[in-house]
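Below is one structure, written out as structure tokens, with a few remarks after it.
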There are 2 protein chains.
Amino acid sequence: MRLLVIEDDALIARSLERALAPLGNTVEVFSTHAEARAALRHDRFDLILLDLGLPDGDGLELLAALRDRGDTTPVLILTARDGIDDRVSGLDLGADDYLAKPFSIAELEARVRALLRRSQQRSDNRLRYGRLCFDPATGAATFDDATLALPRRELLLLEGLLLHAGSIAPREALERRLFGFDEVGSNALEVYVSRLRKRLAGSGLQIRTFRGLGYRLEDAAE
Amino acid sequence: MRLLVIEDDALIARSLERALAPLGNTVEVFSTHAEARAALRHDRFDLILLDLGLPDGDGLELLAALRDRGDTTPVLILTARDGIDDRVSGLDLGADDYLAKPFSIAELEARVRALLRRSQQRSDNRLRYGRLCFDPATGAATFDDATLALPRRELLLLEGLLLHAGSIAPREALERRLFGFDEVGSNALEVYVSRLRKRLAGSGLQIRTFRGLGYRLEDAAE
DNA sequence: CGCCACCTGTCACCAACCTGTCACCTTCCC
DNA sequence: GGGAAGGTGACAGGTTGGTGACAGGTGGCG
């Protein structure tokens, strides 16, 4: 496994290297944002350990840029800050785990092992179907890269369908997604399905009903 | 998505439910080790949120047992203990992530999203026979990956036959499955067998009658 | 504040489909 | 042949989903 460590504290960087290399990994260390970006442009890694407190830029930006161009390499964030908001934004930007300094080497090893184990079968953050794309991190849906300006409820419905792309989105799940626990006293879901169908006309996609089960987004051809 | 929450603090359990259900999930809550084990024996979930501080047993044992029998359902550990050793052993036993209480709902959501994103293409409690496949979790049947849009009763019948795949499904069991205890006043079962036969025509499968006993799903060749 | 555009949930009504029953037929076994 | 078990087409009624219309709500804007 190839690991990329982005860490400016030489002491920490070396101890990371000493902990991880013996597990059978090749470890590359960079101490600046710029070097790391350059390395990531032509190199692939199995895991990135990213210190948020970089000397020449914000680590979250580097992460965001990585994800923006579709790179799904697992990222483990290392940081001295441990405010919950930072953690959340790191995770929502597509980080896979978070470790606040100081941390024990044993814990680091366990988390690295867990991430590498997972990365065998992971998928892109963004959900795509046909020319449609939905990014759960930002909650935005696009069609051919054009942002879809849908009313909230219709967007929720579309998200729900995309989350189950390729299979049937259970009616109940969609209802909960649109209306939460507010019992909605009528056929509101059908109404929104009907509305969304109109919007999708001509997009090459359609919503198919599975009686008693739910709905599925699929190619109009079928 | 089906989530299993194993948590004995009712307050926390409810807030987990309220946070996660609106994301489109079905949430089952159990407050004891024993109940959770029982549920896991016949049910599959997409994610398990496991409180380590269970009243009637060690959560780590439950996790270990799960992994031992090859179940790879993602597990997110919740716990008040934040000793590093616990965390490490949780991760090494096959947990996928770890959240120490108290945690913010936003962080919980972010982690649940991250885990579910990853496990999108798993879930396997499915019954198969030939090119037929039935997923009890969603209630959907597929034939060569094409979804079969079957009415509920026919689906129940198919499921009943699949449950006894390779052997004879007793008539009585099928009747109970389709109609429950409502005595159904005529040859309804035969009617559904007949309907299902029509659908299976050309599938390479057939339903064979065993007079006085029941029906068996088998290859048409036989 | 008043106007307007738009989003929302509800309803009425329609269409499609599912369901149980019956009548009548076939198959099996003695 | 005769009886019992099973098979199947048709049908009436019920249930579920689809859609246009509408009234109330919300937020922007002058």
Side-chain angles (χ1 to χ4, degrees), chain A residues 139-141 147-161 164 168-202 205-218 220, chain B residues 22 138-141 147-161 168-202 205-218 220 222:
Chain A
T147 301
L148 285 179
L150 292 180
R152 259 181 310 285
R153 292 277 134 102
E154 292 179 41
L155 190 60
L156 286 171
L157 174 58
L158 183 60
E159 282 175 30
L161 290 168
H164 297 263
I168 299 171
R171 208 195 150 74
E172 200 182 284
L174 295 175
E175 262 171 358
R176 196 120 16 139
R177 168 169 288 268
L178 294 215
F179 311 111
F181 283 114
D182 306 350
E183 280 310 314
V184 89
S186 81
N187 60 341
L189 181 61
E190 282 91 346
V191 172
Y192 283 103
V193 169
S194 174
R195 287 172 182 159
L196 190 53
R197 273 182 175 137
K198 271 183 215 156
R199 308 238 193 208
L200 290 179
L205 297 175
Q206 68 180 8
I207 299 170
R208 185 147 129 223
T209 306
F210 288 83
R211 283 202 152 228
L213 296 175
Y215 297 90
R216 187 173 74 188
L217 191 64
E218 57 184 35
Chain B
T138 66
T147 303
L148 289 179
L150 293 181
R152 246 182 315 288
R153 292 277 133 100
E154 292 178 41
L155 208 55
L156 286 171
L157 174 58
L158 181 60
E159 189 185 351
L161 291 168
I168 298 171
R171 204 196 153 75
E172 204 180 280
L174 294 176
E175 263 170 355
R176 190 94 28 99
R177 169 170 291 269
L178 293 217
F179 310 110
F181 289 102
D182 305 353
E183 278 311 313
V184 87
S186 80
N187 61 340
L189 181 61
E190 282 90 347
V191 172
Y192 283 104
V193 169
S194 171
R195 285 173 182 159
L196 190 53
R197 275 182 174 138
K198 266 184 220 157
R199 309 240 192 204
L200 291 179
L205 296 176
Q206 67 181 7
I207 299 171
R208 184 143 130 225
T209 306
F210 289 82
R211 287 200 146 228
L213 297 174
Y215 298 90
R216 187 173 75 189
L217 189 65
E218 56 185 36
E222 291 182 27

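Treat the numbers as computed from the prediction; the structure is a model and nothing was measured. Reminder, nothing fancy here: chain letters follow the sequence lines and each chain counts from 1.
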Could B:R152 and B:E159 be called an ion pair, given the rule that one side-chain N must be under 4.0 Å from one carboxylate O? no
Any salt bridge (Lys or Arg N to Asp or Glu O under 4.0 Å) pairs touching residues 192-202 of chain B, not counting sequence neighbours? B:E154-B:R199
[X] has an atom [atom1]; how far is it from atom [atom2] of [N], in whole Å?
| X | N | atom1 | atom2 | result |
| --- | --- | --- | --- | --- |
| B:Q206 | D:dG7 | CD | P | 12 Å |
| A:L156 | C:dT8 | CG | C1' | 13 Å |
| A:E154 | C:dC7 | CD | C1' | 9 Å |
| A:R208 | C:dA16 | CZ | P | 17 Å |
| A:L189 | C:dT10 | CG | C1' | 14 Å |
| A:F179 | C:dT10 | CZ | C1' | 11 Å |

Identify whether any heavy atom of A:R195 sits under 4.0 Å from a base atom; if not, whether one sits that close to sugar-phosphate; answer base, sugar-phosphate or nothing.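 Counting heavy atoms under 4.0 Å across all strands, the contact made by A:R195 includes a base.
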Heavy-atom closest pair (B:G160 atom, B:A169 atom, distance to 0.1 Å) is O-CB, 4.1 Å
So, for A:L189 and A:E175, which heavy atoms are closest and what is the spacing to 0.1 Å?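 Closest approach of A:L189 to A:E175: CD2-CG, 3.9 Å.
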Are A:R153 and C:dG9 close enough that a side-chain N or O sits under 4.0 Å from OP1 or OP2? yes
Side chain to side chain contact (heavy atoms under 4.5 Å, CB included) partners for B:A149, two or more places apart: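 Scan of B:A149 (side chain to side chain contact (heavy atoms under 4.5 Å, CB included), adjacent residues dropped) gives A:F210.
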side-chain contact (heavy atoms from CB on, under 4.5 Å) between A:L205 and A:E218, intermediate numbers included: CA-CA 6 Å; A:L205 297 175; A:E218 57 184 35; over 6 Å; no
Could you encode protein contacts along nucleotides 14-20 of chain D as a string, one character per nucleotide from 5' to 3', using B for base contact, S for sugar-phosphate-only contact and - for no contact, with a heavy-atom cut-off of under 4.0 Å? --BSBBS
